[in-house]
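Fair warning: this is a prediction, and the values are worked out from it, not measured in the lab. Here, residue 1 is the first one in the sequence, and each next residue gets the next number.
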Amino acid sequence: MIRYTLLRALQMIPTVLLVTVVVFVLIIIIPGDPVLSMLGYYSDDITATAVPHEVYDRMFRELRLDRPIPIQYLYWLGDALQGDFGKSVVFRVPVIDVVLSRIPATLYLGTASLLIAIAVSVPFGVWAAVKNDTWVDHMASGFVLFGVAVPGFWFGMIVILVFAIYLGWLPSIGYVPPQEDFVRFLKHLIMPATVLGLDVAANILRFQRTDFLDQLHQDYVRTARAKGLPGQLVIWKHVLKNSLIATVTVVGLNTARLLGGSTIIETLFSYPGLSRLLIEAIYARDFPVIQAVVLWMVVLVVIVNFFVDLIYAYLNPRIRYTTA
């Protein structure tokens, strides 16, 4: 297992380097003049003649745009490894400070949503598989259909309409850090986390039910029952573990998505997370912030995939023996 873990960790290095190249190149090909953006000119009608020639040239050199693109990338990568992504055009502070100020809100929302999704989908999926072709199974299928078919923004608006406007139980927008007021923090978190969590739960439940149902018909289950093992022990100790491979994949993909931020939900609830920051940066052409946020999101996907591989190896030891 140690050898397998080290091998997967080493494989992350070229992947992350490739990601940095893609992020750097994407910013280069985005329309707009980065110098004018850094100087606060966002309109497409503004040209370099709108600012003094010496000011434009000085900023051009400070951004190292006079260097060849490979040299620009090496400088940018070296600064990024030290946490230096430059200064935000909009906020006029270091980019790393802007990003770090938004990460806690996104982590709280993502973690809460993931916990809700797992708590709903895994037990419900197991129950639906055990009670196959009964009202429980039909109810699970209806939940999956609802979660897949209904857009998240529509469900979010219905939740706001009912619980914020009609009932007045919860605030519809905003965010309060937990260290300031934990009760208000929970009130602001409940609706967006529930909307996201139920959306993810529908996807997880579909895979959990299908895989669990397939495992119930395997020979080892019949053998375990023939030996006299209690039914609950067979289900929760043996069948559940073997049915989690596909579920872990879906959970892993959605973990990266949730911890990276959800653009629609954060915008709908005016939640100050990373996805909303990315949208604001794109509108303002705040290139340094765009680079930092996109890099965070993509690297997070790589890290989550690494841990998913380790969970695979734990659930199915044959994986680490065939790949290590």
- Query: Mind checking whether F24 and W76 have parallel, tilted or perpendicular rings, split at 30° and 60°?
  - Reply: tilted
- Mind telling me whether F163 and W169 have parallel, tilted or perpendicular rings, with 30° and 60° as the class edges? tilted
Heavy atoms only: give me the nearest [X]-[Y] pair and the separation to one decimal.
X	Y	value
L213	A129	CD1-O, 3.5 Å
A80	F85	CB-CE2, 3.7 Å
Y271	A105	OH-O, 2.9 Å
V120	F143	CG1-CZ, 4.3 Å

- Task: With side-chain contact (heavy atoms from CB on, under 4.5 Å) as the test, would you mind laying out the steps for Y73 and V25 before giving the verdict?
- Result: CA-CA 9 Å; Y73 166 73; V25 172; over 6 Å; no
What is the distance from atom [atom1] of [X] to atom [atom2] of [Y], rounded to the nearest 0.5 Å?
X	Y	atom1	atom2	value
Y175	T106	OH	OG1	9.0 Å
T267	L278	OG1	CG	10.0 Å
L107	L300	CG	CG	8.0 Å
T20	L295	OG1	CG	7.0 Å
S275	L109	OG	CG	9.0 Å
L114	S121	CG	OG	9.0 Å

- Message: Could you check, using the six-membered ring where one of them is a Trp, whether F155 and F146 have ring centers closer than 6.0 angstrom?
- Response: yes
- Query: Hey, mind stepping through V98 and V93 against side-chain contact (heavy atoms from CB on, under 4.5 Å) and telling me if it holds?
  - Reply: CA-CA 7 Å; V98 178; V93 296; 3.4 Å; yes
- Message: Between M12 and I303, is the side-chain contact (heavy atoms from CB on, under 4.5 Å) condition met? List the steps.
- Response: CA-CA 8 Å; M12 290 174 58; I303 294 174; 4.0 Å; yes
Using the rule that Ile, Leu, Val, Met, Phe, Trp and Tyr join whenever any side-chain heavy atoms are under 4.5 Å apart, tell me whether [X] and [Y] fall into a single cluster.
X	Y	result
I265	V162	yes
V289	L77	yes
L18	V294	no
L115	F182	no
L10	V301	no

So, do [X] and [Y] sit near enough that their side-chain heavy atoms are less than 4.5 Å apart?
X	Y	answer
F124	M139	yes
L277	E280	yes
I96	D84	no
P68	I71	yes
L268	M157	yes
S172	F269	no

- Query: Quick check: does any side chain N or O of T111 sit under 3.5 Å from a backbone N or O of Y108, one acting as donor and the other as acceptor?
  - Reply: no
- For I173, does the CD1 atom have more than 12 heavy-atom neighbours from other residues, nucleotides or ligands under 6.0 Å away? no
- Query: In terms of heavy-atom contacts, does CD1 of I264 have more than 12 from other residues, nucleotides or ligands at under 6.0 Å?
  - Reply: no
- Verify side-chain contact (heavy atoms from CB on, under 4.5 Å) between L274 and M297, making sure each step is shown before the conclusion. CA-CA 9 Å; L274 284 174; M297 291 180 175; 4.3 Å; yes
Side-chain donor-acceptor distances from residues 189-212 under 3.5 Å, at least two apart:
residue, atom, partner, partner atom, Å
T194, OG1, I190, O, 2.7
D199, OD2, R257, NH2, 3.0
Q208, OE1, T247, OG1, 2.9
Q208, NE2, S243, OG, 3.3
R209, NE, D137, OD1, 2.5
R209, NH2, N132, OD1, 3.3
R209, NH2, D137, OD1, 3.4
R209, NH2, D137, OD2, 3.0
T210, OG1, R206, O, 2.9

- Task: For the pair R102 and E266, find out whether any cationic side-chain nitrogen is under 4.0 Å from an anionic carboxylate oxygen.
- Result: no
